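Okay, so here's the structure we're looking at.
Whatever order the structure lists them in is the order used to number ligands and atoms, beginning at 1. Bear in mind that the values here come from a model prediction, so they are computed numbers and not experimental data. Atom set for the values below is all heavy atoms of this structure, side chains included, hydrogens, waters and symmetry mates excluded.
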Amino acid sequence: MQVHVEDGRIRRIEPHSGNRATAGGVCLKGLSYVERVYSPDRILHPLKRVPGTADFERVSWDEALTAIADKLVELKADPGPQSVLYYSASGSKGTLNRIGLDFWRLYGGCTTTYGDLCWPAGLEATRLTLGDNKHSAPWDIANARLIVLWGKNAAETNIHQMVFIDQALDAGAKMVVIDPRRTESAERATLLVQPRPGTDGALALAVAHLLIKADQVDHDFIDRHVLGFPAFAAMVDDFTPERATEITEVPVRYIHRLAEYFGTIEPVTVSPGYGMQRFTNSGQTMRAILALLAITGNIGRPGAGWVYANLQSHIFDAVRDPIGLYPPEKPDGVVRVSISTARLGPAMLETQDPPLRMAWVERGNPITQNPETNTVLEAFRALELRVVVDQFLTDTAREADIVLPAKTMFEQSDVIGAYWHSYIQLKQKVIEPPGDVKPESEIYGLLGQRLGLPEAQNPEVFPVSDAEVEAYLEKALEPFPELTLDRLREGPQPAPSQQEVAFSDFRFLTLSGRIELESREAAERWGADPLPVYTEPVESARRGVPDPDVFPLYLLTPNTKNSIHSQFNNLKMIRQLSDEPLAYIHPDDAARRGIRDGQWVRVFNDRGEFELEARLDNGLKAGCVCVTNGWWISEGGTVNLCSAARETDMGYGAAFHDVRVEVEAVSDA
Ligand SMILES: Nc1nc2c(c(=O)[nH]1)N[C@H]1C(S)=C(S)[C@@H](COP(=O)(O)OP(=O)(O)OC[C@H]3O[C@@H](n4cnc5c(=O)[nH]c(N)nc54)[C@H](O)[C@@H]3O)O[C@H]1N2
Ligand SMILES: Nc1nc2c(c(=O)[nH]1)N[C@H]1C(S)=C(S)[C@@H](COP(=O)(O)OP(=O)(O)OC[C@H]3O[C@@H](n4cnc5c(=O)[nH]c(N)nc54)[C@H](O)[C@@H]3O)O[C@H]1N2
Ligand SMILES: [Mo]
C-alpha cells in the first residue's frame with residue numbers, strides 16, 4: 001500500500017506499483033483503514049471490567065499492568081506458569097509478533113496452542129506430496145490453459161488473483177470451478193461442478209481413474225519424478241465415475257468432462273481453496289487432487305502447478321513450511337505445554353496439571369472464530385483472569401477482565417511476508433498510535449519490568465522507540481544480505497532464492513526426493529493410509545452421522561468479500577455495502593420447510609443455534625445451507641455456535657465444515 005499522510009492523519013490509501021501481485025488496486029477492506037484507524041469504536045485506553053457487569057471502565061496502564069503482573073506472580077508460584085494460556089491468531093502478521101512468545105518464555109513458560117484454524121491440512125498434504133509449500137509467482141497463472149479453482153472463491157478471497165485469471169481466460173483458457181455454491185468466481189467458468197461437501201477426494205480419484213484408463217498420463221514425468229504410481233493406479237482402478245457419482249452427487253458426464261480437460265489441455269494450474277481442507281478427511285482430499293497434477297506432469301512448468309500456499313517469503317520461520325504445525329518442543333528447557341487450537345474449548349477445559357487459570361489473547365477472536373463457540377465461552381468463563389489485546393470490543397474482548405488497546409499496522413514498523421506472492425515488505429510506521437495505544441513489544445517490556453525480568457529494558461528483546469524497532473528489524477534481516485531496511489524502504493523485494501516457476505528444478509524435498517503419491521510419512525505421522533484413499537467426513541449423510549432426519553443439511557461457512565473473518569464489519573463504510581447476516585438455502589429445501597425468502601430462520605444442531613434472515617439461492621447445491629463466518633454474537637450470532645471442535649486428518653487443522661444442521665422458520669414477530 002501507499003499510505004498518504006497529511007498533518008499526521010491518514011488521508012488516502014493507494015496500491016504500491018512495486019508489488020506486481022497486488023498492483024491492480026486495494027480492496028475495500030484495505031481502503032476502509034482510513035475509517036478503521038479513526039473509528040469511534042476503537043479502543044484507545046486500557047479497560048477494566050466493572051465487577052459483576054458487562055461494562056468496562058477506563059483505567060491507567062499502571063493499574064492494568066499491575067493487576068496482570070500481580071496475577072502472573074501468584075500463578076507462577078502456584079500452580080505454575082503453565083496455568084496461563086497464551087493464545088494468538090491471525091490478526092496482523094509480522095516479524096515482531098515473535099516477541100509475545102519470547103516474553104512468555106522469559107516468564108517461565110506457559111500453555112500455548114498447536115495447529116491452526118486456517119490451512120494446515122492442505123499445508124501438510126502439500127508437504128507430504130511435493131516436499132515444500134511454495135508455488136509459482138501469482139502472475140504465472142495467466143500462462144495456464146486450464147485453471148481449476150477447486151474449493152476456492154478467489155473473486156472474493158483473493159481478488160488480485162482474478163486479474164491474472166482473467167488474462168488467461170482472455171487468451172482462451174478454460175476455467176473449472178468446483179464448489180457446492182455458485183460463487184462469484186464461477187461467472188466466467190466453463191464448467192461449475194457442485195460436489196456434496198467433503199467428497200472432493202472421491203471426485204479426484206474418479207478423474208484419475210479415467211485419465212489412467214485413457215492413458216492420458218505423462219509416463220516420462222511419472223518415471224522421473226513420481227513415487228508410488230503403480231500403487232495409486234491400482235487403488236483407483238475400481239474408482240469409476242459411477243462410484244464417484246454415488247458419493248459426490250456430481251453427474252457422471254461432468255466427471256468425464258473434467259477428466260477430458262485434464263487429459264487434453266496443458267498446462268493446468270489447480271488453485272485449491274482453504275475452505276475445502278476444513279473437513280476431517282481433507283488432508284487425503286488435498287493429496288488426491290494433487291495427484292492429478294503429478295500424473296499429468298503439470299508441475300515445474302510455466303502455467304502449470306498447484307497454487308495453494310506460497311511460503312517463499314516466510315524467511316524467518318525456523319521450520320520454513322508448516323507454521324506452528326507441530327506441537328512445540330521444549331525450547332531452552334522451559335516447559336511449554338500446548339493444546340489444540342481446533343479443540344480450544346474442550347482442550348482448555350480438559351487441561352490438568354495444572355488446570356488453566358488465566359488467558360492472554362492477542363490478534364485473535366476465538367469466541368467467534370474457533371469451533372464450538374459455546375464450549376470456548378464456557379472455558380473462558382471458567383478462568384480467573386482474562387486479558388485481551390485488541391483494537392475493538394470483539395466478542396472475545398467482551399469476555400475479558402482487562403482489555404488492552406492494540407496498535408494498527410500503521411503505528412509500528414515491521415517486516416512482513418505473505419502467503420500468495422513472495423515479496424518481503426517493510427510495513428512502515430506512518431502515524432503515532434492514538435490515545436494510550438501501545439504496540440505489543442512495549443506492553444511486554446512494561447509487564448516484564450513489573451515482573452522484574454532482567455531483559456525487560458533490553459531493546460534487543462523488547463524494542464520500544466522507532467529507532468529500537470528498526471535496529472531489531474535490521475538484526476532480523478542480517479542473515480539475508482540482499483535485504484536491508486534501506487532496500488525495503490525503496491519498495492517490496494523478492495524473497496531470497498524465490499522461484500518464479502515453483503519446482504522448475506524438479507527438486508522435491510520429500511523423503512524419497514520425488515513427488516509422493518504413496519507416502520510412508522503420512523502413515524507414520526498421521527496414521528493415514530499411505531495412498532490418498534477416500535473416506536467419508538465424520539458428519540455425513542452417507543454415514544448417517546448425525547441422524548440425517550434430525551440434522552439433514554451441510555453447513556458451509558465461507559469467507560466473504562468485504563470482511564476478513566470477524567474484522568471490518570463494524571465499520572460504516574463496509575456496513576453500507578454488505579448484507580445483514582443471511583442464511584442461503586436452496587429453494588427446494590426452503591419450500592420443504594415452509595421458508596420464504598427474507599424470512600427469519602433458526603439454524604441449529606445439538607451444539608448451538610443462531611437466528612438470521614433466509615435468502616433463497618438457486619446457485620447453492622440442495623442439501624446445503626451457507627452462512628458466511630465472522631458475524632459477532634452481538635451482531636446476531638456466529639456460525640461457530642454450530643461447528644464442532646474437531647481436528648483435520650493431518651496437520652492439526654480445524655474441521656469447521658464437517659457440520660450438519662437443521663434450519664426452521666421462526667415466526668416473523
Ligand atoms: N466457521 C468458520 N470459522 C472460521 C473459518 C471458516 O471458514 N469457517 N475460517 C478460519 C480462518 S481461515 C481463520 S484465518 C480464522 C481467523 O481467526 P482470527 O485470527 O481469530 O480472526 P479475526 O477475526 O481475523 O481476528 C483477528 C483479531 O485481531 C485483531 N488485531 C488486528 N491487528 C492486531 C494487532 O496488531 N494486535 C492485536 N493485539 N490485535 C490485532 C483484530 O482487531 C481482530 O479482532 O478464522 C477461522 N474461523
Ligand atoms: N475477503 C476476504 N478475503 C480473504 C479472507 C476473508 O475473510 N475475506 N480470509 C483470508 C484467509 S485467512 C483465508 S484462509 C482465505 C480462504 O480463501 P478461500 O479458500 O477462497 O475461502 P473459503 O471461503 O474458506 O472457501 C472457499 C470455497 O470453498 C467452498 N467449499 C466449502 N466446502 C467445500 C467442499 O467440500 N468442496 C469444495 N469443492 N468446495 C467447498 C465454499 O463454498 C467456498 O466458496 O481467504 C483469505 N482472503
Ligand atoms: Mo485463514
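- For the pair Arg196 and ligand 2, no heavy-atom separation below 4.0 Å is found.
- Applying the ring pair (Phe, Tyr, Trp, His ring centres under 6.0 Å) rule to Tyr87 yields no partners; only residues at least two apart in sequence or on another chain are considered.
- Residue Phe279 places a heavy atom less than 4.0 Å from ligand 2.
- Taking only non-hydrogen atoms, the option from Cys118, Gly198, Ala186, Pro195 nearest to atom 35 (O) of ligand 2 is Gly198.
- In this structure, Phe656 is part of the shell of residues with a heavy atom less than 4.0 angstrom from ligand 1.
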Next item on the list: Could you walk me through whether Val193 and Leu191 pass the side-chain contact (heavy atoms from CB on, under 4.5 Å) test, one step at a time?
Entry: CA-CA 6 Å; Val193 179; Leu191 182 67; 3.9 Å; yes
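- The aromatic rings of Tyr444 and Trp104 sit perpendicular, their planes meeting at an angle over 60°, well past the 30° parallel limit.
- For ligand 1, the atoms lying closer than 4.0 Å to a non-hydrogen atom of Val389 are 37 (C), 38 (N), 39 (N).
- Heavy atoms of Thr157 found under 4.0 angstrom from ligand 2 belong to the backbone as well as the side chain.
- Near Tyr419, meaning under 4.0 Å from any of its heavy atoms, are these atoms of ligand 2: 10 (C), 11 (C), 12 (S), 13 (C), 46 (C).
- Under 4.0 angstrom from ligand 1, there are no non-hydrogen atoms of Glu411.
- Nearest-heavy-atom check against atom 28 (O) of ligand 1 across Arg363, Arg278, Gln567 picks out Arg363.
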Item checked: Asp436 vs Leu44, side-chain contact (heavy atoms from CB on, under 4.5 Å): CA-CA, chis, key distance, verdict -> CA-CA 6 Å; Asp436 283 341; Leu44 298 179; over 6 Å; no
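- Between Phe164 and Trp420, the ring-plane angle classifies as tilted under the 30° and 60° cut-offs.
- With a heavy-atom cut-off of 4.0 Å, Trp119 does not touch ligand 2 at all.
- Scanning Arg36, Arg42, His657, His565 for the heavy atom closest to atom 13 (C) of ligand 1 points to His565.
- Using a 4.0 Å cut-off between heavy atoms, Lys29 contacts ligand 2 through its side chain alone, with no backbone atom that close.
- Between Thr394 and ligand 1, no pair of N/O atoms sits closer than 3.5 Å.
- Contacts between Ser563 and ligand 2, counted as non-hydrogen atom pairs separated by less than 4.0 Å, involve the backbone only.
- Between the choices Ala89, Ala155, Gly151, the shortest heavy-atom distance to atom 26 (C) of ligand 2 belongs to Gly151.
- Near Val639, the atoms of ligand 1 lying under 4.0 angstrom from a non-hydrogen atom of the residue are 1 (N).
- A donor-acceptor contact closer than 3.5 angstrom links the side chains of Asn629 and Asn559.
- Between Glu362 and ligand 1, a contact under 3.5 Å exists for no N or O pair.
- Around atom 21 (O) of ligand 1, the closest heavy atom drawn from Lys93, Gln369, Gln277 belongs to Gln369.
- Taking every heavy atom of Lys561 and a limit of under 4.0 angstrom, the matching atoms of ligand 2 come to 1 (N).
- Residues Tyr554 and Arg660 meet the side-chain proximity criterion, which asks for heavy atoms closer than 4.5 Å.
- The shortest heavy-atom distance from Gln412 to ligand 1 is not under 4.0 Å.
- Of all atoms in ligand 1, listed by their number and element, those nearer than 4.0 Å to a heavy atom of Ser92 are 31 (C), 32 (N), 33 (C), 35 (O).
- Nearest to atom 44 (O) of ligand 2 by heavy atom, out of Thr199, Thr628, Asp179, is Asp179.
- Each of the atoms 44 (O) of ligand 2 lies under 4.0 Å from some heavy atom of Thr183.
- Under the ring pair (Phe, Tyr, Trp, His ring centres under 6.0 Å) criterion, Tyr584 pairs with no residue at all, not counting sequence neighbours.
- When only interatomic distances are considered, the shortest N/O to N/O separation between Arg181 and ligand 2 falls below 3.5 Å.
- Ligand 1 has an N or O atom lying under 3.5 Å from an N or O atom of Asn640, backbone or side chain.
- Residue Leu556 approaches ligand 2 through these ligand atoms, each under 4.0 Å from one of its heavy atoms: 31 (C), 32 (N).
- In terms of polar-atom proximity, defined here as any N/O pair under 3.5 Å, Asn559 makes no such contact with ligand 1.
- Residue contact annotation: Glu440 has a non-hydrogen atom under 4.0 Å from ligand 1.
- The ligand atoms of ligand 1 that sit less than 4.0 angstrom from a heavy atom of Ser566 are 22 (P), 23 (O), 25 (O).
- Of all atoms in ligand 2, listed by their number and element, those nearer than 4.0 Å to a heavy atom of Pro558 are 23 (O), 43 (C).
- Of the protein's non-hydrogen atoms, Pro180 CD, 3.5 Å is the one closest to atom 40 (C) of ligand 2.
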Next item on the list: Would you check, one step at a time, whether the test side-chain contact (heavy atoms from CB on, under 4.5 Å) holds for Tyr86 with Glu362?
Entry: CA-CA 8 Å; Tyr86 170 55; Glu362 70 185 37; 2.9 Å; yes
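- The contact set between ligand 2 and Gly273, taken as ligand atoms under 4.0 Å from a residue heavy atom, comprises 19 (O).
- In terms of protein heavy-atom proximity, atom 31 (C) of ligand 1 is closest to Gln391 NE2, 3.7 Å.
- When only interatomic distances are considered, the shortest N/O to N/O separation between Thr557 and ligand 1 falls below 3.5 Å.
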